[in-house]
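Since the structure comes first, as structure tokens, the remarks are kept for the end.
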Amino acid sequence: MADEVKVNPNEVTTHDAQLLADNVAEGVEKAPQVDFDADYERAKEMSVSPLDNTEEGKKAAEAAVAPKYKMPEPEERKVEAPATGNPENYLSMANEISGNDVVTTVDDDLVKKALEKGQPG
């Protein structure tokens, strides 16, 4: 399906395009016709070389896109995080934060106190 190119003399970018736009505006020349579908089909035909459809072409394409360096396979590593701390250290740290009161259990009042201490002053 051919489409007519709308030529606007104010939007051209080259001298040749300016001459064409002026000639179309004056009626000296007809506006060019463009068949986008036919052009697209022709471009698809031109994008494939006859060599590409042969076995030799397939080998050449594979060689052209083959990686130049071999990538190593990723190694799976098993990571274990052993316990490194002593729970008694955390208890003493909690005591320091709470005002040197011995913390043996956590109750609602202690949580409220911690939330209050965590608020900006």
Side-chain angles (χ1 to χ4, degrees):
M1 175 176 160
D3 294 323
E4 184 176 319
V5 177
K6 307 269 191 284
V7 183
N8 184 348
N10 297 326
E11 295 179 358
V12 296
T13 57
T14 65
H15 179 68
D16 291 336
Q18 182 68 47
L19 289 174
L20 176 64
D22 291 341
N23 288 340
V24 169
E26 294 171 6
V28 177
E29 289 185 53
K30 289 184 177 182
Q33 297 287 321
V34 178
D35 189 349
F36 292 105
D37 295 329
D39 287 351
Y40 178 69
E41 292 302 321
R42 182 68 181 130
K44 287 194 308 188
E45 290 174 16
M46 294 173 62
S47 69
V48 178
S49 166
L51 178 67
D52 291 340
N53 295 327
T54 65
E55 195 63 36
E56 182 182 334
K58 290 178 184 177
K59 288 179 184 176
E62 286 177 11
V65 298
K68 293 182 180 179
Y69 304 103
K70 184 165 175 68
M71 293 295 294
E73 291 296 322
E75 297 176 10
E76 285 198 31
R77 295 183 182 181
K78 190 171 184 177
V79 178
E80 290 184 27
T84 58
N86 181 355
E88 296 298 321
N89 293 340
Y90 296 108
L91 187 58
S92 65
M93 193 169 29
N95 287 332
E96 290 173 13
I97 292 173
S98 67
N100 294 328
D101 297 331
V102 176
V103 177
T104 56
T105 60
V106 177
D107 58 4
D108 289 340
D109 292 332
L110 183 62
V111 171
K112 286 180 186 175
K113 189 174 179 181
L115 289 173
E116 288 171 5
K117 286 190 174 191
Q119 296 297 321

TODO: Go through the structure and list residues passing side-chain hydrogen bond (donor to acceptor under 3.5 Å, both in side chains) with E76, not counting sequence neighbours.
DONE: none

Open item on the list: With rounding to the nearest 0.5 angstrom, report the CE to CG distance, M46 to D39.
Closed with: 10.5 Å

Open item on the list: Can you tell me how far apart NZ (K117) and NZ (K113) are? Round to the nearest 0.5 Å.
Closed with: 5.0 Å

Run the side-chain donor-acceptor check on residues 54-74: report pairs under 3.5 Å with partners two or more places apart or on a different chain.
unit_1: T54; atom_1: OG1; unit_2: L51; atom_2: O; d: 2.7
unit_1: T54; atom_1: OG1; unit_2: G57; atom_2: N; d: 3.1

Task: Contact list for residues 17-31, test side-chain hydrogen bond (donor to acceptor under 3.5 Å, both in side chains), sequence neighbours left out - done: Q18-D22, N23-E29

TODO: Evaluate the criterion side chain to side chain contact (heavy atoms under 4.5 Å, CB included) for residue pair L20 and D16; output intermediate values, then yes/no.
DONE: CA-CA 6 Å; L20 176 64; D16 291 336; over 6 Å; no

TODO: Tell me, yes or no, whether the heavy-atom count around D108 atom CG, taken from other residues, nucleotides or ligands under 6.0 Å, exceeds 12.
DONE: no

